[in-house]
Amino acid sequence: MLNKIQEWINRTIETYDNDRISCICFEKDFEDYYPSDFLQESYFVVVNKLPKPDFQELRDAGFGGFLDREFEGITYKNTYFITAGYERRISLHFHELVHVMQWKSLGTQQFIARYMQEIKLHGYDNAPLELMAYEYEKRFEQNEDLPNLLNDIEMKI
Ligand SMILES: [Zn+2]
């Protein structure tokens, strides 16, 4: 299952290759938070509907609620997707970039396995990887200094 999801993710990122925008465009907004090279190699795509791996096996395993729920954004590896209409919300980009860092830090297989387990155990709203992203998003909104953001994320994982 993990392999199937991983293949789907790689295919999806490839499909949107020409539409991906490098997050270096947020260099000014995020200069106190994310280093330029990290932004340079992170990407976002604005879409009308977020791509999700809608496999019957996932529905059978109890992920139907997650697959059907409408989110503002979703991250796969170094690329996140934003639902059209939300692309100007800078804190949402900040949130998804926390996920990019989580993917990097855990590695693809581990991120998928852990995220699925968390959704199963805690539900999306209380999944620790989500809570972490929401917490940093809030601190960013409050203009808090986060000098070691990437290190902090890595340490908390
Ligand atoms: Zn999130």
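Since this is a predicted model, take the numbers as computed values, not measurements. We count ligands from 1, going down the list as the structure has it; atoms in each ligand are counted the same way.
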Sequence neighbours excluded, the answer for side chain to side chain donor-acceptor pair (under 3.5 Å) partners of N10 is K77
* Sub-4.5 Å side-chain heavy-atom contact between F71 and Y86 -> no
Restricting H95 to its N/O/S atoms, the closest one to the Zn ion (ligand 1) is NE2
Quiz item: So do the side chains of E14 and R11 get within less than 4.5 Å of each other, counting heavy atoms only?
Solution: no
_Using a strict threshold of under 4.0 Å (side-chain N to carboxylate O), is an ion pair present between K104 and E41?_
yes
**Message:** Distance check below 2.8 Å: does E96 bring an N, O or S atom to the Zn ion (ligand 1)?
**Reply:** no
min-distance N/O/S atom, E130 vs the Zn ion (ligand 1), resolves to OE1
